[in-house]
Amino acid sequence: MALLIDGKKISAEIKDELKEIVAKKKAEGKEITLAVIQVGNDKASSVYVGNKKKACEYIGVNSLAYELPEETTEEELLSIVKELNERSDVHGILVQLPLPKHICEDKVLLAINPDKDVDGFHPVSVGRLWIGEEGYESCTPAGVIQLLKRSGIEIAGKECVVIGRSNIVGKPMAAMLLRENGTVTVCHSRTKNLAEVTKRADILVVAIGKPKFITAEYVKEGAVVIDVGIHRNEDNKLCGDVDFDSVEPIASAITPVPGGVGPMTIAMLMCNVVKSNA
Ligand code: NAP
């Protein structure tokens, strides 16, 4: 039977560790403030923003909420970002995506001061990751690294295969596994003979965005399988990109959905927030 990697437990451990660090900083007179900007009232975004605010409250960080109307112009949003960049009492800035269509996301993300870029999406943060400099890391792949490390899974020297090359998951995931001395292969929609490549993996990270796509035929006996995907199936139940029932019997360790990678994203965001007032 595969080891079930418990993201709920690991993320709770991380948040408790952060709570202690924040309490110590407070005792030294150091407060941390995260500004969270949401434009419009997309339901899913409101849930994510609510969860981020709750996590801030739990670890003892101040959150400054900007709930802007859908018709906010790009210029107005950029001017708020500029003001927050300049405020010394604001340490992290987070703009909830997606933004309404009339606002260019890239332009807004680029406007955030890289030293306050707690989502790790700014090109400077991405560059720092690839050249091995200290900086903010994209939260979901950083969460995967923590799941592996805290489950005692060695990455160095392992064949690591990542399925997916998005800017928020696949690419930073590859950079982080490489930094941990894994031998990394990245697959995408143009990869030929996908199963042949994925069967080489000691550690397989799946971020393909297709429900239950990865079955046992894609997985080597004894591999560690990390499922980044999140979907709602016909019965309104959550499932991942991996067909858990098919893969679990041959994996040595696997993340469930829900309760695997999902809870780690906010925990890693909180790590970045705490780092923002180091
Ligand atoms: P995405 O932007 O849609 O990227 C999917 C990637 O999979 C692309 O690189 C695509 O290749 C590749 N792909 C698609 N079909 C393929 C195939 N048949 N064979 C091989 N590769 C294929 O998705 P994403 O934003 O990275 O997210 C991936 C999954 O993770 C989604 O289910 C998403 O909901 C979930 N997610 C979860 C969290 C979390 O907190 N747990 C955070 C972010 C995302 P091309 O580049 O060639 O198109």
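For ligands, and for the atoms within them, numbers begin at 1 and follow the listed sequence. Basis for what follows: all heavy atoms, side chains included, without hydrogens, waters or symmetry-related copies.
- Using a cutoff of 4.0 Å between basic side-chain nitrogens and carboxylate oxygens, Glu86 and Lys82 are scored as salt-bridged.
- Judged by distance alone, the side chain of Glu105 and the main-chain N or O of Leu99 form a donor-acceptor pair under 3.5 Å.
- Take Ala12 and apply the side-chain contact (heavy atoms from CB on, under 4.5 Å) test, not counting sequence neighbours, and it matches no residue.
- Partner of Thr255 under the side chain to side chain contact (heavy atoms under 4.5 Å, CB included) criterion, chosen from Leu4, Asp6, Ile5: Ile5.
- Protein residues with any heavy atom under 4.0 Å from ligand 1: Thr140, Ile163, Gly164, Arg165, Ser166, Ile168, Val169, His188, Ser189, Leu194, Ala207, Ile208, Gly209, Lys210, Phe213, Val228, Gly229, Ile230, His231, Asp241, Val261, Gly262, Thr265.
- Using a 4.0 Å cut-off between charged side-chain N and carboxylate O, Lys9 and Asp16 make no salt bridge.
- With respect to the salt-bridge test (charged N to carboxylate O, under 4.0 angstrom), the residues Glu180 and Lys149 qualify.
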